[in-house]
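What follows is a single structure, written as structure tokens, with notes after it.
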Amino acid sequence: MPSEHAGRTGGETVGGTGQEAGTDALALKILVAGGFGVGKTTLVGAVSEIRPLRTEELLSEAGQSVDDIGGVDHKTTTTVAMDFGRITIRSGLSLYLFGTPGQDRFWFLWDELSQGALGAVVLADTRRLEDCFPAVDYFEHRRIPFVVAVNCFAGARAYGEREVSRALDLDLGTPVVLCDARDRDSGKEVLIRMVEYAGRMHTARLLDSVG
């Protein structure tokens, strides 16, 4: 189970349980991960009810030797630390969103960002599906619940949820959802699925531990 003391914001705990004694407010920490240029910053910005915090920098010539921008040649900036946003799902339930950097050279930040997270959304682009393999492996190995959200880019071949699940060799039951990272309602639905799935997983593990 994620730590109850992962962090506090405005009197609420940001973490796996997230409930502060004496209040009804619940704040949960969710990661938004995936490959380079898949739409993580776009998703956080689309759903956030506050002005999102972004740590984007212009792509440099020096980074071209280490960053694979094939298929996203139009991209001119990259996240170098994290994106941060907040969305209220319903009264008393807020999600704090932490978008992870996509390039391998920033992976040292993932362990820090994942502390206290309830779960994660792994964004996938079917044109570069292999780019989300590292994120899938990361969360599977650390037993962090996640859903795969296929960002449906214009012009990309459409694949069904089962096809994506087989291609990524996901564990049985890991949800795959189709979404548009630019659309707030679509992004919110992904996050709701994430919270529901993570809740079931954590409950099952708790029951196993006391059984």
Side-chain angles (χ1 to χ4, degrees), residues 1-2 16 28-44 46-47 68 70-72 79 82-83 87 89 95 97-104 106-107 109-111 113-153 155-183 185-209:
M1 292 285 289
L28 304 173
K29 179 179 182 181
I30 304 294
L31 300 185
V32 180
F36 179 57
V38 78
K40 301 181 294 295
T41 298
T42 299
L43 176 64
V44 173
V47 302
D68 178 13
V72 286
T79 299
M82 69 174 186
D83 299 310
I87 178 174
I89 297 298
L95 304 182
L97 310 176
F98 292 78
T100 64
Q103 303 98 309
D104 293 350
F106 296 122
W107 268 56
L109 295 169
W110 281 48
D111 288 339
L113 290 175
S114 66
Q115 290 296 315
L118 175 76
V121 173
V122 176
L123 271 176
D125 178 355
T126 56
R127 301 169 301 179
R128 303 178 60 179
L129 199 57
E130 67 279 0
D131 287 2
C132 70
F133 285 164
V136 168
D137 289 342
Y138 182 92
F139 297 122
E140 284 185 345
H141 291 160
R142 288 161 180 79
R143 303 187 71 222
I144 298 175
F146 68 94
V147 302
V148 173
V150 180
N151 193 8
C152 299
F153 287 90
R157 179 181 171 184
Y159 291 90
E161 297 171 9
R162 291 184 179 179
E163 292 177 284
V164 173
S165 181
R166 287 195 298 267
L168 294 176
D169 193 25
L170 298 177
D171 290 342
L172 185 65
T174 301
V176 176
V177 294
L178 307 181
C179 74
D180 182 344
R182 303 166 299 178
D183 183 79
D185 289 338
S186 181
K188 184 176 180 179
E189 181 60 31
V190 170
L191 295 170
I192 291 172
R193 288 283 300 275
M194 166 71 260
V195 172
E196 292 175 343
Y197 175 64
R200 293 195 300 270
M201 291 295 291
H202 287 305
T203 298
R205 292 171 184 173
L206 179 60
L207 292 175
D208 287 343
S209 68

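All values reported here derive from a predicted model rather than from experimental measurement.
- Panel note: side chain T100, backbone W110; no donor-acceptor pair is recorded below 3.5 Å.
- The two residues Q115 and K29 have their closest heavy-atom pair at O-NZ, 2.8 Å.
- Taking D171 as the reference, nothing meets the salt bridge (Lys or Arg N to Asp or Glu O under 4.0 Å) condition, with sequence neighbours excluded.
- Residues D131 and P134 come closest through the heavy atom pair O-CD, 3.5 Å.
- Judged as a salt bridge (Lys or Arg N to Asp or Glu O under 4.0 Å), the pairs with a partner in residues 134-147 (not counting sequence neighbours) are, in order, D111-R142.
- Evaluation of the side chain to side chain contact (heavy atoms under 4.5 Å, CB included) rule for A167 yields L129 as partners, not counting sequence neighbours.
- Taking every heavy atom of both residues into account, I144 and G119 meet most closely at CG2-CA, 3.9 Å.
- For the atom pair CZ of R162 and CZ of R166, the computed distance is 8.0 Å after rounding to the nearest 0.5 Å.
- The shortest non-hydrogen separation linking P145 to M194 is O-CE, 3.6 Å.
- We find the CE-CG distance between M201 and L206 to be 13.0 Å, quoted to the nearest 0.5 Å.
- In terms of the side chain to side chain contact (heavy atoms under 4.5 Å, CB included) criterion, residue partners of A120 (sequence neighbours excluded) are, by chain and number, L31, F139, F146.
- Residues passing the side chain to side chain contact (heavy atoms under 4.5 Å, CB included) test with V177 are A149, V190, R193, sequence neighbours excluded.
- Legend: residues meeting side chain to side chain donor-acceptor pair (under 3.5 Å) with T174, ordered by chain and number and at least two apart, are absent.
- Annotation: side chain of E189 is not in contact with side chain of C179 (no heavy-atom distance under 4.5 Å).
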Let me see the working for D180 and S186 under side chain to side chain donor-acceptor pair (under 3.5 Å), right down to the final yes or no. CA-CA 6 Å; D180 182 344; S186 181; over 6 Å; no
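- Scanning for salt bridge (Lys or Arg N to Asp or Glu O under 4.0 Å) contacts around R200 gives an empty result, with sequence neighbours left out.
- No donor-acceptor pair closer than 3.5 Å links the side chain of K40 to the backbone N or O of M82.
- Taking all atoms of both residues into account, the shortest heavy-atom contact from A156 to T126 is CB-OG1, 4.0 Å.
- Put simply, the side chain of V150 does not reach to within 4.5 Å of the side chain of C132, judged on heavy atoms.
- Counting heavy atoms from C-beta on, the side chains of D83 and V32 never come closer than 4.5 Å.
- Side-chain contact between I89 and V195: absent, with no pair of heavy atoms (C-beta onward) separated by less than 4.5 Å.
- With sequence neighbours excluded, the residues that form a side chain to side chain contact (heavy atoms under 4.5 Å, CB included) with D185 are D183.
- Between N151 and G39, the shortest heavy-atom distance links the atoms ND2-CA, 4.1 Å.
- The side chain to side chain donor-acceptor pair (under 3.5 Å) test applied to Y159 returns R157, not counting sequence neighbours.
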I87 and L191: side-chain contact (heavy atoms from CB on, under 4.5 Å), yes or no, with the steps? CA-CA 10 Å; I87 178 174; L191 295 170; 3.9 Å; yes
